[in-house]
S.K.: 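Provided herewith is a single structure, encoded as structure tokens, for subsequent inquiry.
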Amino acid sequence: MIATLSLTACATAPSSPSVVCPPVAAYDRAFQAWLADEILRLPPGAALDRAMLDYARLRDQARACLA
């Protein structure tokens with residue numbers, strides 16, 4: 001058991017971690033216009049408005065990851 005512990009203590013970590021970037025969905029102009037229209041009709045303070053801001057931030061981060 002001591003020999004096993006000694007050998008595993010010497011194991012090295014990978015030199016460069018792998019990064020997996022999530023894909024960014026592409027929306028055509030017609031869908032973007034439809035979505036914008038629906039967002040503009042949300043009542044003030046709608047929860048969906050905040051969720052959309054979070055989603056936009058995630059999309060920006062995913063794009064930066066792919067670059």
Side-chain angles (χ1 to χ4, degrees):
M1 183 167 149
I2 293 173
T4 304
L5 290 173
S6 296
L7 291 174
T8 57
C10 294
T12 59
S15 60
S16 60
S18 61
V19 177
V20 178
C21 299
V24 179
Y27 301 120
D28 63 26
R29 288 196 182 272
F31 183 80
Q32 290 177 29
W34 179 21
L35 183 59
D37 183 55
E38 288 188 7
I39 290 171
L40 289 173
R41 289 188 279 137
L42 288 173
L48 185 58
D49 191 37
R50 188 170 106 199
M52 291 299 295
L53 292 173
D54 291 341
Y55 180 64
R57 189 176 322 109
L58 286 173
R59 286 177 61 86
D60 290 343
Q61 291 170 349
R63 277 200 268 312
C65 178
L66 292 169

S.K.: To the nearest 0.5 Å, what is the distance between CG on Leu58 and CG on Leu53?
M.R.: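 Between Leu58 CG and Leu53 CG, I get 11.5 Å after rounding to 0.5 Å.
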S.K.: Please write out which residues are connected to Ile39 in a hydrophobic cluster, directly or through intermediates, given that two of Ile, Leu, Val, Met, Phe, Trp, Tyr count as joined at side-chain heavy-atom separations below 4.5 angstrom.
M.R.: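 ILVMFWY cluster around Ile39 also holds Tyr27, Phe31, Trp34, Leu35, Leu42, Leu48, Met52, Tyr55.
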S.K.: Less than 4.0 Å between a side-chain N and a carboxylate O, is that true for Arg57 and Asp60?
M.R.: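 Looking at Arg57 together with Asp60, the answer is no, because their closest N to O distance does not fall below 4.0 Å.
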S.K.: Could you state the interatomic distance from CZ (Arg59) to CG (Asp54), rounded to the nearest 0.5 Å?
M.R.: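 Interatomic distance, Arg59 CZ to Asp54 CG, rounded to 0.5 Å: 14.0 Å.
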S.K.: Where do Ala62 and Val24 come nearest, in terms of heavy atoms and distance?
M.R.: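 That closest heavy-atom pairing would be CB-CG2, 3.5 Å.
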